[in-house]
Amino acid sequence: MQTKILSIEDGLDDAVGLIKNGEVVVFPTETVYGLGANALDVSAVRKIFIAKGRPMDNPLIVHVADFDTAESVSAGLGEGARKLMRAFMPGAITVIVEKSDLIPDEVSAGLPTVGIRFPAHEGARKFIKACGVPIAAPSANTSTKISPTSAEHVYEDMQGRVPLILDGGSCQVGIESTIVDMTADVPTVLRPGAITPQMLAEVLGEVKSFAGKIIVARAPGMKYRHYAPSCPMAVADSALSAAEYYAECEKNSLKPVIIAKSGYLSSLESQEKFQRIDLGDSDVEVMKNIYAAMHEAEKYYGVIICEDFGDSGVAASVMNRINKASGGRRV
Ligand code: TXA
Ligand code: MG
């Protein structure tokens with residue numbers, strides 16, 4: 001067999017003709033070159049295994065160029081897989097999901113699952129789109145050889161075994177896609193790649209890395225500056241220290257205000273002299289009123305002195321926000 005190398009533009013028609021005739025074609029992707037065939041055509045898929053010398057029990061990734069085809073090869077993607085696809089596709093990721101009946105056992109090697117990949121490489125997308133079918137493809141190397149990242153690499157390894165290599169230049173990513181198993185209890189990286197467990201965790205909340213470590217997302221909000229009042233704020237260790245600090249602020253003409261629960265406020269001596277915002281009686285009321293109190297306080301006062309609500313139940317959650325707003329300042 002003669003092996004031709006053609007650019008995407010020059011070779012596209014030939015490539016589509018070959019795929020429609022049940023043959024294999026090598027095509028570029030941003031990760032490594034792939035050895036493609038019509039994923040819905042069993043005899044075409046067998047030619048991949050023959051050209052590569054690959055054992056039939058090793059499943060193939062199915063390449064698509066749109067989300068509808070991704071849906072059609074899966075038996076229902078599920079929310080997690082959809083999130084990954086929205087975040088990282090097209091790109092260097094393969095998502096393992098339950099397969100639909102469209103996908104023959106030869107592609108999945110008898111597994112109930114399928115790996116779906118939507119490459120970012122423009123030439124790859126043109127090729128897959130023009131074929132009009134999902135393309136099963138492993139890396140375009142003979143079994144046990146290094147994955148090819150240029151048309152020349154493919155030619156050196158596979159000449160005489162494939163009819164056509166589409167040349168799309170050298171691969172920008174350079175290693176195979178990250179594979180994420182979305183059928184596992186915790187989404188699991190089966191092969192590490194350019195898309196890291198940290199990046200996956202930001203989208204999924206939690207993933208198991210290839211090394212078996214559970215990676216948890218930083219709470220998305222941690223990346224941003226939190227609401228903090230425009231005036232200084234401090235948490236008082238006790239009602240007494242609140243009163244003392246209040247007096248000190250007043251002496252310096254700082255216009256302090258105390259925000260606290262009703263009981264706390266009434267326990268302060270000679271209550272009348274304190275500017276205060278009453279948050280209510282219970283922790284739940286405090287939670288409901290705390291932001292409104294901070295908004296009001298920053299508008300009308302110069303320093304906020306806040307009760308310490310403790311660390312039980314929702315009070316702990318409220319203190320989380322107060323500690324951020326006050327920058328951990330205590331008096
Ligand atoms: O970047 C890539 O993923 C490249 C380009 C061409 O897309 N493809 C690639 O394919 O690296 P391949 O066949 O060389 O590696 C795919 C790996 C294999 O180790 C295979 O066992 C695994 O993915 N795999 C495929 N389908 C699977 C499935 N349903 N469940 C678990 N592993 C699967
Ligand atoms: Mg490979």
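Applying the side chain to side chain contact (heavy atoms under 4.5 Å, CB included) criterion to T3, with sequence neighbours excluded, gives Y155, Q159, V162, I165. Partners of Y246 by ring-ring contact (aromatic ring centres under 6.0 Å, His included), not counting sequence neighbours, listed by chain and number: F274. With sequence neighbours left out, the side chain to side chain contact (heavy atoms under 4.5 Å, CB included) criterion links T69 to V64, D66, S72, P134. The ring-ring contact (aromatic ring centres under 6.0 Å, His included) check on F67 picks up F118, with sequence neighbours excluded. By the ring-ring contact (aromatic ring centres under 6.0 Å, His included) test, H63 pairs with F27, sequence neighbours left out.
The side-chain contact (heavy atoms from CB on, under 4.5 Å) with T178 is formed by just one residue from the set T31, L84, I195, L190; it is I195. With R117 as reference, I61 is the one residue of I179, I61, V62, I135 to meet the side-chain contact (heavy atoms from CB on, under 4.5 Å) rule.
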side-chain contact (heavy atoms from CB on, under 4.5 Å) evaluation trace for S170 with T149
CA-CA 6 Å; S170 63; T149 57; 5.7 Å; no
side-chain contact (heavy atoms from CB on, under 4.5 Å) evaluation trace for R54 with L60
CA-CA 10 Å; R54 177 175 174 122; L60 303 176; 3.8 Å; yes
Could you go step by step and tell me if K99 and D105 meet the side-chain contact (heavy atoms from CB on, under 4.5 Å) rule?
CA-CA 10 Å; K99 79 175 189 73; D105 284 342; 3.9 Å; yes
Could you go through L279 and I290, starting from their C-alpha distance and side-chain angles, then the distance that decides it, and tell me whether this counts as side-chain contact (heavy atoms from CB on, under 4.5 Å)?
CA-CA 7 Å; L279 295 172; I290 186 67; 4.0 Å; yes
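Judged by distance alone, the side chain of E30 and the main-chain N or O of A120 form a donor-acceptor pair under 3.5 Å. A donor-acceptor pair is defined here as one N or O able to donate and one able to accept, closer than 3.5 Å; such a pair exists between the side chain of E298 and the backbone of S230. In terms of modelled atom types and a separation under 3.5 Å, the side chain of K52 and the main chain of S139 share a donor-acceptor contact. Although no hydrogens or angles enter the test, the distance criterion places no donor-acceptor pair under 3.5 Å between the side chain of Y264 and the main chain of D308. Not a single donor-acceptor pair under 3.5 Å links the side chain of S209 to the backbone N or O of P197.
Between I116 and S74 there is a side-chain heavy-atom pair separated by less than 4.5 Å. With a 4.5 Å cut-off on side-chain heavy atoms, P59 and T113 do not count as touching. Counting only heavy atoms from C-beta outward, the side chains of P187 and L200 never approach each other to under 4.5 Å. A 4.5 Å side-chain heavy-atom check between V24 and P163 finds at least one atom pair inside the cut-off. At a threshold of 4.5 Å between non-hydrogen side-chain atoms, the residues V97 and V114 count as touching. Annotation: side chain of R82 is not in contact with side chain of M182 (no heavy-atom distance under 4.5 Å).
Nearest approach of S312 to D283, heavy atoms of both residues: O-OD2, 4.3 Å. The minimum heavy-atom distance linking D167 with G169 is given by the pair OD1-N, 2.9 Å. Nearest heavy atoms, T142 versus A51: CG2-O, 4.0 Å. Pairing each heavy atom of G168 with each of Y33, the nearest pair is N-OH, 3.0 Å.
For the atom pair I277 CD1 and H295 NE2, the distance stands at 11.5 Å (nearest 0.5 Å). Distance check: N289 CG to D278 CG gives 8.5 Å after rounding to the nearest 0.5 Å. Separating the CE atom in M319 from the CG atom in D311 is a distance of 9.0 Å, to the nearest 0.5 Å. For the atom pair CG (N58) and OG (S108), the distance works out to 11.5 Å, reported to the nearest 0.5 Å. Note that the NZ atom of K83 and the CG atom of L204 stand 7.0 Å from one another [nearest 0.5 Å]. Rounding to the nearest 0.5 Å places NZ of K208 at 11.5 Å from CD1 of I215.
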Under 3.5 Å, sequence neighbours excluded: what are the donor-acceptor pairs made by side chains of residues 232-239?
unit_1, atom_1, unit_2, atom_2, d
D237, OD1, R330, NE, 2.9
D237, OD1, R330, NH2, 3.0
S238, OG, L240, N, 3.4
S238, OG, S241, N, 3.1
S238, OG, S241, OG, 3.2

Would you give me the side-chain donor-acceptor pairs under 3.5 Å for residues 35-42, sequence neighbours excluded?
unit_1, atom_1, unit_2, atom_2, d
N38, OD1, L40, N, 2.8
D41, OD1, S43, N, 3.1
D41, OD1, S43, OG, 3.3
D41, OD1, A44, N, 3.2

Side-chain donor-acceptor pairs under 3.5 Å in residues 250-258, sequence neighbours left out?
unit_1, atom_1, unit_2, atom_2, d
N252, ND2, E248, O, 3.0
K255, NZ, Y300, O, 2.8

Donor-acceptor list for residues 85-95 side chains, cut-off 3.5 Å, not counting sequence neighbours:
unit_1, atom_1, unit_2, atom_2, d
R86, NH2, E79, OE2, 3.2
T94, OG1, S177, OG, 2.8

Taking distance alone, no hydrogens or angles, what donor-acceptor pairs closer than 3.5 Å link side-chain atoms of residues 9-22 to residues at least two apart or in another chain?
unit_1, atom_1, unit_2, atom_2, d
D10, OD2, S7, OG, 3.4
D14, OD2, K4, NZ, 3.0
N21, ND2, G17, O, 3.3

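Other members of the hydrophobic cluster containing V186, listed by chain and number, are I214, V216; membership follows side-chain contacts under 4.5 Å among ILVMFWY residues, whether direct or relayed.
Within the structure, the ring-ring contact (aromatic ring centres under 6.0 Å, His included) test picks out no pair touching residues 166-196 (sequence neighbours left out).
The number of heavy-atom neighbours closer than 6.0 Å to CD of E122, taken from other residues, nucleotides and ligands shown, is 12 or below. Atom NZ of K261 has more than 12 neighbouring heavy atoms from other residues, nucleotides or ligands inside a 6.0 Å radius.
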